[in-house]
Engineer: 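Please find one structure pasted underneath; my questions will follow.
Everything quoted here is computed from the prediction, not taken from an experiment.
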Amino acid sequence: MGPHPAVAAIRHAVRVSLSALTPGDLVLVACSGGADSLALAAALAFEGPKAGILAGGITIDHGLQPGSARQATRVTGIMTELRLTPALAVRVDVVAPGREGYHGPEAAARSARYAALTAAAEAASAPGGAWIMLGHTLDDQAETVLLGLGRGSGARSLAGMAPVTGRYLRPLLRIRRTQTVAACTALGLVPWDDPQNCDPAFTRTRVRRDLMPALAAALGPGAAEALARTAELLRADADALDAIAAAEADKLGGVSAGLADGWPADAIGALPEAIRHRVLRQGALAAGCPAGAVTQRHIASMDELVTAWHGQRWADLPGGIRCLRRYGRLLFTRAGASGGRSPG
């Protein structure tokens, strides 16, 4: 008799993800101990050796809850039992409210987590570092699309998460959360229920607890799949438009030019709107704006400096960044670096 259907589905998803790697590569699964990452860790431990892949794991202790260190120790123990080597635990410091770089509790924890994962991957002993495997599911993808809609962040946010982003792998984007829970039960793994996943102070929790069930009730049980499918359809278009925008930014001197001499406003204004907005967003990100915090409202305020210039001041952007027009050029600066009205 074969494995439970949920176990088989997750193993297949991991096997497909690993097929693009080279034997001898090291993959670290990011495991919080929750059902999604625990089921993923078990699947990587099973499929990795068969593919000639070195399979390890890492858990991040954000230090935000009492007993977080004990939970990290518990997770490393489970990863060791699954024969994942190395089995790492990393403690991070999350930026506190009121400090520079703080953009809300979710964003602060996410930034600290990804910084730690990237550092661990780069420090790995394997040639070229390690890949990081993440347990985002179809449900997470659907929630991400809804969050993007709510923030007015544009097509890139609606495109959701990609199966591969740099060294990050997301093999479970077509797997439902119910399947990861079922897989853990079938394998005798006891997942950890993070209390913050039930805390309505977090936007994603409210989307998961309130909005997704309401959508399913109104539109039918396939609402999550439809949202995830929308993300897949939009991703190819968004990738193509981003590539065109990057080429146009290069013609202007590259995204870093906005931090030095600036971009000629007339040249940006001559670009089609869809490309122009992407160039402006790329400039904002290069200047230091957190990617998830740049909304269409921010892009529109930058765009007005190009297309509706009447001597207005700068556009305030996330991360303490300002976009301003000076002597016909568009510049990105840190807040406080300049002020007042500038000649157009």
Engineer: Would you say that Arg209 contacts Phe202 through its side chain, given a criterion of any heavy-atom pair below 4.5 Å between the two side chains?
Structural biologist: no
Engineer: Looking at side-chain heavy atoms only, is the closest gap between Thr230 and Leu158 below 4.5 Å?
Structural biologist: no
Engineer: In terms of hydrophobic clustering (I, L, V, M, F, W, Y; side-chain heavy atoms under 4.5 Å; direct or indirect links), are Ile275 and Leu285 co-clustered?
Structural biologist: yes
Engineer: Tell me whether Thr137 contacts the main-chain N or O of Arg176 through its side chain, where contact means a donor paired with an acceptor under 3.5 Å.
Structural biologist: no
Engineer: Ignoring hydrogens and geometry beyond distance, is a side-chain donor-acceptor pair present between Thr144 and Arg204 at under 3.5 Å?
Structural biologist: yes
Engineer: Is it the case that one hydrophobic cluster holds both Val207 and Leu173, taking links as side-chain heavy atoms less than 4.5 Å apart, direct or via other members?
Structural biologist: no
Engineer: Say you draw a straight line from CD of Glu81 to OG1 of Thr76; how long is it, rounded to the nearest 0.5 Å?
Structural biologist: 10.0 Å
Engineer: Quick one: pull up OG1 in Thr185 and NE2 in His4 and give me the separation to the nearest 0.5 Å.
Structural biologist: 8.0 Å
Engineer: For the pair Leu227 and Leu215, evaluate side-chain contact (heavy atoms from CB on, under 4.5 Å) and give the outcome as yes or no after the intermediate values.
Structural biologist: CA-CA 11 Å; Leu227 288 167; Leu215 277 177; 4.2 Å; yes
Engineer: Heavy-atom distance under 4.5 Å between the side chains of Arg74 and Val190, does that happen here?
Structural biologist: yes
Engineer: Show me the pairs that pass salt bridge (Lys or Arg N to Asp or Glu O under 4.0 Å) and involve residues 30-49, at least two apart or across chains.
Structural biologist: Arg15-Glu47, Asp36-Arg177, Glu47-Lys50
Engineer: So which pairs with a foot in residues 66-90 pass ring pair (Phe, Tyr, Trp, His ring centres under 6.0 Å), sequence neighbours left out?
Structural biologist: none
Engineer: Quick one, Asp61 with Gln71, criterion side-chain contact (heavy atoms from CB on, under 4.5 Å). Give me CA distance, side-chain angles, the key distance, then yes/no.
Structural biologist: CA-CA 8 Å; Asp61 176 10; Gln71 172 59 18; over 6 Å; no
Engineer: Is the side chain of Glu248 donor-acceptor paired with the backbone N or O of Arg276 at a distance under 3.5 Å, no angle test?
Structural biologist: no
Engineer: Is it the case that the side chain of Arg113 and the backbone of His62 share a donor-acceptor pair, with hydrogens and angles ignored and the cut-off at 3.5 Å?
Structural biologist: no
Engineer: Any donor-acceptor pair under 3.5 Å linking the side-chain atoms of Ser301 with those of His298?
Structural biologist: no
Engineer: So does Trp314 get a backbone contact from the side chain of Arg322, meaning a donor-acceptor N/O pair under 3.5 Å?
Structural biologist: no
Engineer: What do you reckon, is CZ of Arg206 surrounded by more than 12 foreign heavy atoms closer than 6.0 Å?
Structural biologist: yes
Engineer: I would like to know whether Asp139 and Arg208 meet side-chain contact (heavy atoms from CB on, under 4.5 Å); could you show each step before the answer?
Structural biologist: CA-CA 8 Å; Asp139 298 84; Arg208 179 177 301 162; over 6 Å; no
Engineer: If hydrophobic clusters are built from ILVMFWY residues whose side chains come within less than 4.5 Å, do Val279 and Val306 share one?
Structural biologist: yes
Engineer: Write down the atom of Tyr168, the atom of Leu117, and the distance for their closest heavy-atom approach.
Structural biologist: OH-CB, 3.6 Å
Engineer: Does CG in Asp193 sit with more than 12 non-hydrogen atoms of other residues, nucleotides or ligands closer than 6.0 Å?
Structural biologist: no
Engineer: For Leu26 and Gly56, which heavy atoms make the closest approach, and how far apart are they?
Structural biologist: CD1-N, 4.2 Å
Engineer: When hydrophobic residues are tied together by side-chain contacts of less than 4.5 Å, even through go-betweens, does Leu138 share a cluster with Val181?
Structural biologist: no
Engineer: Is the shortest heavy-atom distance from the side chain of Leu146 to the side chain of Met212 under 4.5 Å?
Structural biologist: yes
Engineer: Report the distance from atom CD of Glu273 to atom OG1 of Thr307, rounding to the nearest 0.5 Å.
Structural biologist: 8.0 Å
Engineer: Between atom CZ of Arg174 and atom CD of Gln179, what is the distance when rounded to the nearest 0.5 Å?
Structural biologist: 12.5 Å
Engineer: Under 4.5 Å between side-chain heavy atoms, counting indirect links through other Ile/Leu/Val/Met/Phe/Trp/Tyr residues: same cluster for Met161 and Leu134 or not?
Structural biologist: no
Engineer: Mind checking the CG-CZ spacing from Leu252 to Arg329? Nearest 0.5 Å is all I need.
Structural biologist: 9.0 Å
Engineer: When you compare the side chains of Arg91 and Ser68, does any donor N or O come within less than 3.5 Å of an acceptor on the partner?
Structural biologist: no
Engineer: What closest approach, in Å, do Ala284 and Met302 show between heavy atoms, and which atom pair accounts for it?
Structural biologist: CB-CE, 4.1 Å
Engineer: Which atom pair, heavy atoms only, marks the closest approach of Ala116 to Val90?
Structural biologist: CB-CG1, 4.1 Å
Engineer: Under the 3.5 angstrom rule, does the side chain of Glu304 hit a backbone N or O of His310 as a donor-acceptor pair?
Structural biologist: no
Engineer: With sequence neighbours left out, write down each residue that passes ring pair (Phe, Tyr, Trp, His ring centres under 6.0 Å) with Phe46, or none if nothing qualifies.
Structural biologist: none
Engineer: Answer whether the closest heavy-atom distance between the side chains of Gln141 and His136 falls below 4.5 Å.
Structural biologist: no
Engineer: Within the 4.5 Å heavy-atom criterion, are Glu143 and Asp140 side-chain neighbours or not?
Structural biologist: yes
Engineer: Residues sharing Trp192's hydrophobic cluster, by side-chain heavy-atom contacts under 4.5 Å among ILVMFWY, directly or via others?
Structural biologist: none
Engineer: Taking the side chain as every heavy atom from C-beta outward, state whether Pro171 and Val16 have any atom pair closer than 4.5 Å.
Structural biologist: no
Engineer: Quick one, Ile299 and Val294 - any side-chain contact, counting heavy atoms below 4.5 Å?
Structural biologist: yes
Engineer: Linking Ile, Leu, Val, Met, Phe, Trp and Tyr through side-chain heavy atoms less than 4.5 Å apart, which residues share a cluster with Met79?
Structural biologist: Val7, Ile10, Val14, Leu18, Leu21, Val27, Val29, Leu38, Leu40, Leu44, Ile53, Val75, Ile78, Leu82, Leu84, Trp131, Met133, Val164, Leu169, Leu172, Ile175, Leu187, Leu189
Engineer: Please find the pair of heavy atoms, one from Leu317 and one from Cys289, that lie closest to each other, and give the distance.
Structural biologist: CB-SG, 3.6 Å
Engineer: Rounded to the nearest 0.5 Å, how far does CD1 of Ile321 lie from CG of Asp316?
Structural biologist: 10.5 Å
Engineer: What's the shortest heavy-atom distance between Ser37 and Ala30, and which atoms?
Structural biologist: CB-O, 3.4 Å
Engineer: Who are the side-chain hydrogen bond (donor to acceptor under 3.5 Å, both in side chains) partners of Glu122, not counting sequence neighbours?
Structural biologist: none
Engineer: Side chain of Arg170, backbone of Ala162: donor and acceptor closer than 3.5 Å?
Structural biologist: yes
